[in-house]
Undergrad: 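Sharing a structure here in structure tokens format.
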Amino acid sequence: MLNLNVLNPQQRQAVETLRGPVLILAGAGTGKTRVITYRVARLIEKGAAPGHILAVTFTNKAAREMQERVTDLLRTLPKRREHGSRNTGHDNDSTDHTSRLTGHSSTINHQPLTIAPPLSDAPTLQRFNASTIQRPTICTFHSLCVRILRQYIDRLGYKKNFVIFSESEQLGAIKKILSHISAQGEKTDPQAILGLLSRFRNGGSQAAAFADPSVAAMAAHVRARYESALRACNVVDFDDLILLTLRLFEEHPDVLTSCRARYRYVMVDEYQDTNAAQFRLVHSLTQEHRDLCVVGDDDQSIYGWRGAEIANLLDMEKHYPEVKVIKLEQNYRSTNTILTAANALIKHNVRRRGKQLWSKNGHGTKITLHTFANEEEEARTVVEEIECARMARRVPWSHQAILFRTNQQSRPLETALRHAGVRYHLVGGQSFFDRREVKDFLAYVKALVNPHDDVSLLRIANVPPRGLSDVTMERLLAASQERHCSVFAAMKNPAVQATFLAKARECLGAFVEFIERTRGWLADESSARQPSPLQRWAEKFLDEAGYWDDLRRGEKDKEAAENRVRNLRDLIATMDAQGSAGILPGQPLTERLQMFLDDLSLDSEREDEKEAQGDAVTLITMHSCKGLEFPHVYVVGLEDGLLPHARSKVEGTLDEERRLFYVAMTRAMQTLTLTHCAGRKRYGQLLPCHPSPFLNELPPELVEHAEDRVSEPVTVESGKNMFASMRAAVG
DNA sequence: AATTGCTAAGTTTTT
DNA sequence: CTTAGCAATT
């Protein structure tokens, strides 16, 4: 049985409120994940079928962690007989499912949960039963939608082998449209268009409020073309995953009905980060049964610029008037000094649900504030402090983290760390998936799964060079647009082929043949019989395509070339392990490639294990530090224009900047050090800087200026120094 | 096709 | 000061 005594009263209430809408306001470090996992276990203990529970998170990391912790917790629960025929029934457990449902075996005097799906849903239920009924669904919004779409997307006129565009592929598509749509639009930034497009499509409240009107007009104009371009290639982007699922629900009520039955108990983590479309998704799943539990913290909403609607959390009562609100305010992470300072800071925000964090961890030491002349001195001194803590107080590197607003701030820090011989680990930065060789390979796989994916096909058509020149490709593209077909279809069209010279025609034919031959081989069941088939295939395929040679040839530096080869080998080596959960013995490789792509598109944190190991200082942006904690935290660059970023004033997002600082502060467990500089090199020039106005919002009595600090036990030496500095100050 | 040189711009980034 | 993207050149 689940031991709820390890929870504090608020946590316990959150775990025991199982029916109806619940909003759990979970402050930083208040045991949010624990509450969610216990609540899942509790639902099951009270008779909910595990397969009817859905917990949605934003990151794969969070999903994995939750999955693990739920599994651990469930092990402590008595086993029970499952639905369907999987279990042959030599369970000697005291309870079986039906008796739980009717409450007869319940040892606890709570109302048992009624079983969700009505009888009419039996066929649907059985289909789900076969594969997944035993486990709760714990995943991200996007992977949930992929699951649903892989099953039903044909109802919307897509084929089930759709591929998911990465951001760079989206950009590619937009650039193509831009270049085609008009020669006049020279100075439209594709990136800006993409951002706005996403805002438009997700239907945010003030979608394009601060955008340049001409860019906004362009985005609106591009939208239709973009959508039909993707549609024509049987490709979807990240936003589509949510939007198409919604459309599926709207246009096919039977799908909605079975999803509602399937996901009977819904929990959403990081609710303050949901966008308008995600809200609609949650709402359409739960508006009938209303067993929705959302967990979040309005004070930690820092992704508004990405379309997150903090209003979803603030206005919960609007859509769920009967919602029960539970606040978690006891913090298990930080000292009260840190919490009090953070509370004082965040109080300056107006539109929020109030919250006061406290802890039993004592006061701890004061927050240290440093002022430096420039960023080099800042970096040097922070590194000194890190080493000092390590030497004097045995604080390992891994217990210390440096937080900053912008990525470029990491540079001087890295230099100083390397200079001092300190191991460090930079989170974020250049993504593995932005590397050329990885993009090429994925484009190959995508084009093989779905040759009508023009962007992927165009990317790899002449890599390595196979005689398909730019001119040829341009003409093919034009032909495909004329005929309203994909580029691949155009390539195969004899009428189109006839327009090319013999040489180009030959190359084209060879390419088409190559793709089709490979696809044929992949679709053949016998290919899947050998061990680790995907890895073997990929190695051989890239060999045959001449890609390995091309990669080596393309790089002058031999070292760099081998690096790329190694990157790609590493990726390929993981192919057979990926998505191993649902693999059937004779499954064609095409389908397994598709699963591999899904996993990859949706989960970009693959190097984490490598990075996390070993003793090293963490360098991280304030955005990506959410959810993490460190015993000792240094927040650098607290200057006006950097922390309230200059742009936030124009865009009116000062609150969000304050929240960002709040998030940064509340990462710290024991000590918090804040620094700012009087000057900073910006674009080569040293510019004067002023301290962040946020620093004035911290209670002065909790902050100690490093310059005034006197080392603790007053030694003769430091006493002398103190007098010396006093004399200096007076004289 | 590949290399060089010029110009322009320069937050944050879960999927 | 960087760096990415593009154009012009070999």
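Quick note on labels: first sequence line is chain A, next is B, and so on, each numbered from 1. What you are looking at is a predicted structure, and each value in this text was computed from that prediction instead of being measured.
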Undergrad: Whole-Å distance between B:dT14 P and A:Glu309 CD?
TA: 20 Å

Undergrad: Let's see if you can work this out: which of B:dT13, B:dT15, C:dT2 has an atom nearest to the side-chain heavy atoms of A:Arg411?
TA: C:dT2

Undergrad: For the residue pair A:Arg231 and A:Tyr158, would you count it as a cation-pi contact if the rule is NZ or CZ under 6.0 angstrom from the ring centre and within 45 degrees of the ring axis?
TA: yes

Undergrad: For A:Ser624, answer base if it contacts any base atom (sugar-phosphate contacts may also be present), sugar-phosphate if it contacts only those atoms, and nothing otherwise; contact means non-hydrogen atoms under 4.0 Å.
TA: sugar-phosphate

Undergrad: Do the numbers put A:Arg475 on top of the ring of A:Phe500, so that NZ or CZ is under 6.0 Å from the six-membered ring centre and no more than 45° off the axis?
TA: yes

Undergrad: A:Asp273 has an atom CG; how far is it from atom C1' of B:dT12, in whole Å?
TA: 13 Å

Undergrad: For the residue pair A:Tyr444 and A:Arg459, confirm or rule out a side-chain donor-acceptor distance under 3.5 Å.
TA: no

Undergrad: Between the protein and nucleotides 5-11 of chain B, list the N/O to N/O atom pairs that are separated by less than 3.5 angstrom.
TA:
unit_1	atom_1	unit_2	atom_2	d
B:dT11	O4'	A:His645	NE2	3.3
B:dT11	O4	A:Glu651	OE1	3.1

Undergrad: Cation over ring, A:Arg150 on A:Phe162, under 6.0 Å and within 45°?
TA: yes

Undergrad: Distance between the P atoms of C:dG5 and B:dT12, in whole angstroms?
TA: 15 Å

Undergrad: A:Asn60 side chain N/O closer than 4.0 Å to the phosphate oxygens (OP1, OP2) of B:dT15?
TA: yes

Undergrad: Rounding to an integer number of Å, can you tell me how far A:Leu643 CG sits from B:dT12 P?
TA: 13 Å

Undergrad: I'd like to know whether the aromatic ring centres of A:His142 and A:Phe238 sit less than 6.0 Å apart in this structure.
TA: yes

Undergrad: Ignoring backbone atoms, test whether A:Ser143 places a side-chain nitrogen or oxygen under 4.0 Å from the OP1 or OP2 oxygen of B:dT15.
TA: no

Undergrad: Please say whether more than 12 non-hydrogen atoms of neighbouring residues, nucleotides or ligands are located less than 6.0 Å from NE2 in A:His283.
TA: yes

Undergrad: Please tabulate, one pair per line, each protein N/O and nucleotide N/O from nucleotides 5-8 of chain C that are separated by under 3.5 Å, including the distance.
TA:
none

Undergrad: Mind calculating the distance between CD (A:Gln170) and P (B:dT13) to the nearest angstrom?
TA: 17 Å

Undergrad: Please state how far atom CG in A:Leu281 lies from atom C1' in B:dT15, giving the value in whole angstrom units.
TA: 14 Å

Undergrad: Quick one: label A:Tyr303 by what it contacts on the DNA or RNA (base, sugar-phosphate, nothing), any heavy atom closer than 4.0 Å.
TA: base

Undergrad: Which whole-number value in Å describes the distance from A:Phe141 CZ to B:dT14 P?
TA: 17 Å

Undergrad: Going by the glycosidic torsion and a 90 degree boundary from 0, is the base of B:dT12 oriented syn or anti?
TA: anti

Undergrad: Scan A:Glu167 against the nucleic acid and name what it touches under 4.0 Å (heavy atoms): base, sugar-phosphate only, or nothing.
TA: base

Undergrad: Determine the interatomic distance between P on C:dA4 and the same-named atom on B:dT13; round to the nearest Å.
TA: 16 Å

Undergrad: Across the strands shown, which category fits A:Asp239 at heavy-atom distances under 4.0 angstrom: base, sugar-phosphate, nothing?
TA: nothing

Undergrad: Verify the ring-centre separation between A:His623 and A:Tyr303: is it less than 6.0 angstrom?
TA: yes

Undergrad: Decide yes or no on salt bridge (Lys or Arg N to Asp or Glu O under 4.0 Å) for A:Asp298 and A:Arg351, but give the supporting numbers first.
TA: CA-CA 9 Å; A:Asp298 45 340; A:Arg351 213 164 110 72; over 6 Å; no

Undergrad: Using whole Å, what does the distance between atom P of nucleotide B:dT15 and atom CD of A:Glu270 come to?
TA: 12 Å

Undergrad: Residues two or more places apart in sequence or in another chain: which of them pass side-chain hydrogen bond (donor to acceptor under 3.5 Å, both in side chains) with A:Asp239?
TA: A:Ser198, A:Asn202

Undergrad: Respond yes when some side-chain nitrogen or oxygen of A:Thr621 is under 4.0 Å from OP1 or OP2 of B:dT13, and no when none is.
TA: yes

Undergrad: Rounding to a whole Å, what distance do you find between A:Glu656:CD and B:dT13:P?
TA: 13 Å

Undergrad: Counting only heavy atoms not in A:Lys649, do more than 12 fall under 6.0 Å of its NZ?
TA: yes

